[in-house]
Amino acid sequence: MNDKSLIQRAVDLACESVAQGGEPFGAILVQDGKVLAEAMNQAHVDHDPTAHAEIQALRIASREHARFTHPGSIMYASGKPCPMCMAAMVNAGVERVVFCADDEIGGPFGYSTEQGYARMQQSFGQQGAKVEHLPIDEQSKPFTLYAEKNPA
């Protein structure tokens, strides 16, 4: 099991995704030389805009291994991860991301990440969605309850 064989498997998963009516993306999450999860993009199939291959791999690995972080893991992705997937991987502790098709390959098919990364570099509230802050009296309650259940 090496980088080339794992990226080939991610590409094979992407082809399987297309055959099943999904989008052309596959991903594999590996930790300590063991495959934690394999996944395909399921966004169109599941009608879920977050069901990208990398996020699906994180979801599967998290459920199967009963943890929500995977520090030191490696994600193999058939295409360049979008900003949402990259943020999820960073949040989950993925240490290394290996991808195959870049924007030059995916762009002509409508899968360029360039605009998404440019938008996410804007300040909070300037990325394209209107953001409103609406504080209420009980805004601290969930944090207080959490602190009571999880003393430092």
Side-chain angles (χ1 to χ4, degrees), residues 6-7 10-11 13-31 36-152:
L6 288 162
I7 207 70
V11 170
L13 288 166
C15 292
E16 287 180 42
S17 176
V18 171
Q20 294 177 17
E23 293 185 80
F25 299 100
I28 301 170
L29 185 63
V30 175
Q31 188 171 40
L36 297 182
E38 293 187 345
M40 297 178 272
N41 183 295
Q42 297 288 300
H44 279 66
V45 176
D46 292 346
H47 308 288
D48 178 353
T50 68
H52 291 193
E54 299 91 336
I55 295 209
Q56 294 293 81
L58 290 169
R59 287 175 176 156
I60 292 166
S62 295
R63 279 192 302 266
E64 289 184 5
H65 299 278
R67 61 181 196 243
F68 62 91
T69 61
H70 306 284
S73 61
I74 304 168
M75 182 71 76
Y76 293 88
S78 64
K80 183 178 176 185
C82 74
M84 174 185 67
C85 291
M86 197 65 199
M89 289 185 287
V90 168
N91 194 51
V94 173
E95 184 174 283
R96 184 171 166 237
V97 177
V98 179
F99 72 96
C100 191
D102 59 12
D103 287 346
E104 188 174 312
I105 300 296
F109 299 95
Y111 294 107
S112 174
T113 64
E114 189 175 338
Q115 184 180 14
Y117 278 106
R119 285 176 68 184
M120 295 314 295
Q121 289 178 14
Q122 302 300 313
S123 297
F124 180 74
Q126 302 300 311
Q127 296 142 333
K130 186 177 179 182
V131 176
E132 300 175 24
H133 181 214
L134 180 60
I136 63 172
D137 290 340
E138 296 211 348
Q139 64 188 359
S140 298
K141 185 176 181 178
F143 299 98
T144 304
L145 290 171
Y146 180 82
E148 289 169 1
K149 286 187 165 256
N150 300 285

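Just so it is clear, the values below take in all heavy atoms, side chains as well, and ignore hydrogens, waters and symmetry mates. Keep in mind it's a predicted model, so treat the numbers as computed, not measured. Heads up: numbering here begins at 1 and tracks the sequence.
Looking only at side-chain heavy atoms (C-beta outward), Y111 and P24 come within less than 4.5 Å of each other. At least one side-chain heavy atom of T50 sits under 4.5 Å from a side-chain heavy atom of M84. Between R96 and M75 the shortest side-chain heavy-atom distance does not fall below 4.5 Å. By the 4.5 Å heavy-atom criterion applied to side chains, P81 and M89 are counted as neighbours. Using a 4.5 Å heavy-atom threshold, the side chains of T144 and E148 count as touching. Side-chain contact between E38 and L13: present, with at least one pair of heavy atoms (C-beta onward) separated by less than 4.5 Å.
A61 approaches A37 most closely through the heavy-atom pair N-CB, 3.7 Å. Annotation for G116 and P83: closest pair C-CG, 3.5 Å, computed over non-hydrogen atoms. Counting all heavy atoms, side chain and backbone alike, Q126 lies closest to Q122 at O-CB, 3.6 Å. I7 and A77 get closest at one heavy-atom pair: CD1-O, 3.2 Å. Closest approach of A39 and I60 over heavy atoms only: CB-CD1, 4.1 Å. Minimum interatomic distance between A88 and I55 (heavy atoms only, all atoms of both residues): CB-CD1, 4.0 Å.
Note that the CG atom of N41 and the NE2 atom of H52 stand 5.5 Å from one another [nearest 0.5 Å]. The structure places CD of Q56 at 13.0 Å from CG of L29, a figure rounded to the nearest 0.5 Å. In this structure, OH in Y117 is found 10.5 Å from OG in S112, a value given to the nearest 0.5 Å. We find the OG-CD1 distance between S73 and I28 to be 13.0 Å, quoted to the nearest 0.5 Å. Rounded to the nearest 0.5 angstrom, L145 CG and S140 OG are separated by 10.5 Å. Between the CD atom of E54 and the CE atom of M86 there is a distance of 9.5 Å, given to the nearest 0.5 Å.
Looking only at distances, a side-chain donor or acceptor of Q31 sits under 3.5 Å from a matching main-chain atom of P71. The backbone N or O of A87 lies less than 3.5 Å from no partner atom in the side chain of N91, so there is not a single donor-acceptor pair. Panel note: side chain R119, backbone Q127; a donor-acceptor pair is recorded below 3.5 Å.
At most 12 heavy atoms of other shown residues, nucleotides or ligands fall within 6.0 angstrom of atom CD in Q115. When the shell of 6.0 Å around CD of Q139 is examined, it contains more than 12 heavy atoms from other residues, nucleotides or ligands. Surrounding CD of E95 are at most 12 heavy atoms belonging to other residues, nucleotides or ligands under 6.0 Å away. Heavy-atom contacts from other residues, nucleotides or ligands closer than 6.0 Å to CZ of F68 number 12 or fewer.
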Is there a side chain to side chain contact (heavy atoms under 4.5 Å, CB included) between V45 and Q20 once you walk through the steps?
CA-CA 8 Å; V45 176; Q20 294 177 17; 5.7 Å; no
Evaluation steps, side chain to side chain contact (heavy atoms under 4.5 Å, CB included), between L36 and E64:
CA-CA 8 Å; L36 297 182; E64 289 184 5; over 6 Å; no
For V30 and L6, what are the C-alpha separation, side-chain angles and deciding distance, and is it a side chain to side chain contact (heavy atoms under 4.5 Å, CB included)?
CA-CA 9 Å; V30 175; L6 288 162; 4.1 Å; yes
If you apply the rule side chain to side chain contact (heavy atoms under 4.5 Å, CB included), what do you find for I74 with V94, and how did you get there?
CA-CA 6 Å; I74 304 168; V94 173; 5.8 Å; no
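Between K80 and D102, none of the side-chain N atoms (NZ, or NE/NH1/NH2) sits under 4.0 Å from a carboxylate O, so this pair counts as no salt bridge. Remark: R59 does not engage D46 in a salt bridge, criterion side-chain N to carboxylate O under 4.0 Å.
If you check the side chains of H44 and E23, you find a donor sitting under 3.5 Å from an acceptor. Side chains of T113 and D103: a donor on one and an acceptor on the other come within 3.5 Å.
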